[in-house]
Amino acid sequence: MIKHFTLTLKKAYRHRAMSNKTQSSTFQTKVCKVDPTSIHFDGKDQLTISDTQTETYLEEAAQLLSTTSNVVAFPTETVYGLGGNSFNDESIKNIYKAKNRPSDNPLISHISTPSQILEFFDVEIPEIYKPLISNFWPGPLTILIPNVPGSKLSQYTTAGQDTVAVRLPSHPIARALIHLANCPIAAPSANASTRPSPTLASHVFHDLQGRIPMILDGDGAKVGVESTVVDGLSSPPMLLRPGGVSLEQIREFGGELWKDVVIAKKLSDDSLEPVKTPGMKYKHYSPTAKVVLVKNEDSIGEYLKEHELTDSKLALLTCENFKGEGFKGIVQSLGNTKPEISANLFKALRHLDEELSVDLIFIEEVGLSDEGLAIMNRLQKAASENI
Ligand code: TXA
Ligand code: MG
């Protein structure tokens, strides 16, 4: 049976044209090159910055966050974040506005040292997190702590949840920015809502140009997928979003209580259980091109025979096993190991979509162990078909 893509493609082109049109320009977005290697924290969390330009830009960004309600995009080791002051209602509203993000999806607050959990949120670190914190912070792990009444947090940061998501990133620019601003920085990924997360400053510029005043450009985000979100307040503890720290690592290094960690139900399960993490229910990571996730390389040929795609620009992203031999289109490798695949995934999707205007992207599936769980979680959300 021949299935016709003409309609889908027309829709895709319209989407492409519209997403440019709806961007209202309010700011002259400044892209500021900063050098992560010039930043040093000593054992007592004292900060020194050896490069003057980096110091000037970081001071300026910190001022924007601590004294105004403006937002700033900055690099983290996972993806670029769009930061606002977690205590400031207007700043948080500006994040939602710039990204066009639904306001019932709460934000992660970023800190630069664990003692800020008590200082900023009036909460002692719950015991269950201590082994995770000592093994994975600074790094790509987000924990949920109680949201105590009377704390200074904006209600918009937590979107009415009774918990606060907190992360201590390892990227020197992120840590220095939080340290200088001296407030928790709420930051979702710095993409326009539903688009793939940005791993380069140029991705942020593409999506948010004219909508934010400043982007700190501190090179590529090395992990490439977002942080792992865990809830140790529920029993058994839960993995809410797979990410830069794997389920295996949590089980291995989290201590006794994390051995029983369960993966939160996906919304696609037909259950009445409320969604534990609001981000789950939203479409995500989607390039304008159609994405088809492929288990077996031979099924690509069959798929192409079945569908009339004569005018379509095709691409194939290979991972551990596919060869791409004879494929009529762009063939690109995401890498041979899972860390490489995770680091390259969003960058490759954006490149094919935004620079090469590909219509259909086939992607090789990976196994679910280690980084595979986070990679497949992103791929399933990007894909509209599995073959
Ligand atoms: O790596 C990352 O986590 C990046 C960088 C910038 O730090 N940030 C990021 O933020 O990915 P965002 O907003 O794109 O994703 C945050 C996720 C969402 O799925 C949200 O629903 C969930 O964390 N979340 C935030 N607060 C929560 C809470 N109190 N309870 C449950 N889930 C929460
Ligand atoms: Mg995001």
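For reference, positions follow the sequence shown, starting with 1. Start at 1 and go down the list; that is how both ligands and their atoms are numbered. Values reported hereafter were calculated over all heavy atoms of this structure, with side chains retained and with hydrogens, waters and symmetry mates removed.
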**Request:** Answer with yes or no whether the side chains of Lys338 and Ser369 bring together a donor and an acceptor at under 3.5 Å.
**Result:** yes

**Message:** Counting C-beta onward and ignoring hydrogens, is there a side-chain heavy-atom pair between Thr54 and Ile173 closer than 4.5 Å?
**Reply:** yes

**Item:** Sub-4.0 Å heavy-atom approach of Ser189 to ligand 1
**Value:** yes

**Message:** Could you work out, for atom 12 (P) of ligand 1, the closest of Ala174, Gly81, Pro188 by heavy-atom distance?
**Reply:** Pro188

**NZ/NE/NH1/NH2 to OD/OE distance under 4.0 Å, Glu252 and Lys259** = no

**Prompt:** Side chains of Leu107 and Tyr156: does their closest heavy-atom pair fall under 4.5 Å?
**Reply:** no

**Item:** Closest candidate by heavy atom, reference atom 23 (O) of ligand 1, pool Val229, Leu240, Asn191, Ile185
**Value:** Val229

**Prompt:** Which of the numbered atoms in ligand 1 are below 4.0 angstrom from a heavy atom of Ala165?
**Reply:** 25 (C), 26 (N), 27 (C)

**Asked** At what distance, to the nearest 0.5 angstrom, does CD of Glu55 lie from CG of Leu180?
**Response** 8.0 Å

**Item:** Close-contact set for ligand 1 against Ala187 heavy atoms, below 4.0 Å
**Value:** 6 (C), 8 (N), 10 (O)

**Message:** Geometry only, no angles: is Arg167 polar-contacting ligand 1 at N/O separations under 3.5 Å?
**Reply:** yes

**Message:** Within the structure provided, determine whether Phe27 and Asn70 are in side-chain contact (heavy-atom separation under 4.5 Å).
**Reply:** yes

**Asked** Just distances here: any N/O of Glu226 and N/O of ligand 1 closer than 3.5 Å?
**Response** no

**Request:** Could you tell me which atoms of ligand 1, counted from 1 in the order shown, lie closer than 4.0 angstrom to a heavy atom of Asn105?
**Result:** 18 (C), 20 (C), 21 (O)

**Complete:** From the list Ser86, Ser154, Ser69, side chain to side chain contact (heavy atoms under 4.5 Å, CB included) with Ser91 holds only for Ser69

**Request:** Using a 4.0 Å heavy-atom threshold (strictly under), name the region of Thr78 that reaches ligand 1: side chain, backbone, both or neither.
**Result:** side chain

**Message:** Please determine whether a side-chain nitrogen of the Lys or Arg among Glu365 and Lys295 lies less than 4.0 Å from a carboxylate oxygen of the Asp or Glu.
**Reply:** yes

**Request:** Would you check if the Mg ion (ligand 2) lies under 2.8 Å from any N, O or S atom of Ser189?
**Result:** yes

**Item:** ligand 1 versus Leu144: contacting region, heavy-atom distance under 4.0 Å
**Value:** side chain

**Request:** Please indicate whether any nitrogen or oxygen in Thr142 is less than 3.5 Å from any nitrogen or oxygen in ligand 1.
**Result:** no

**Request:** Answer with yes or no whether the side chains of Thr199 and Arg350 bring together a donor and an acceptor at under 3.5 Å.
**Result:** no

**Request:** Between Arg101 and ligand 1, find which residue part has any heavy-atom pair under 4.0 Å and reply side chain, backbone, both or neither.
**Result:** side chain

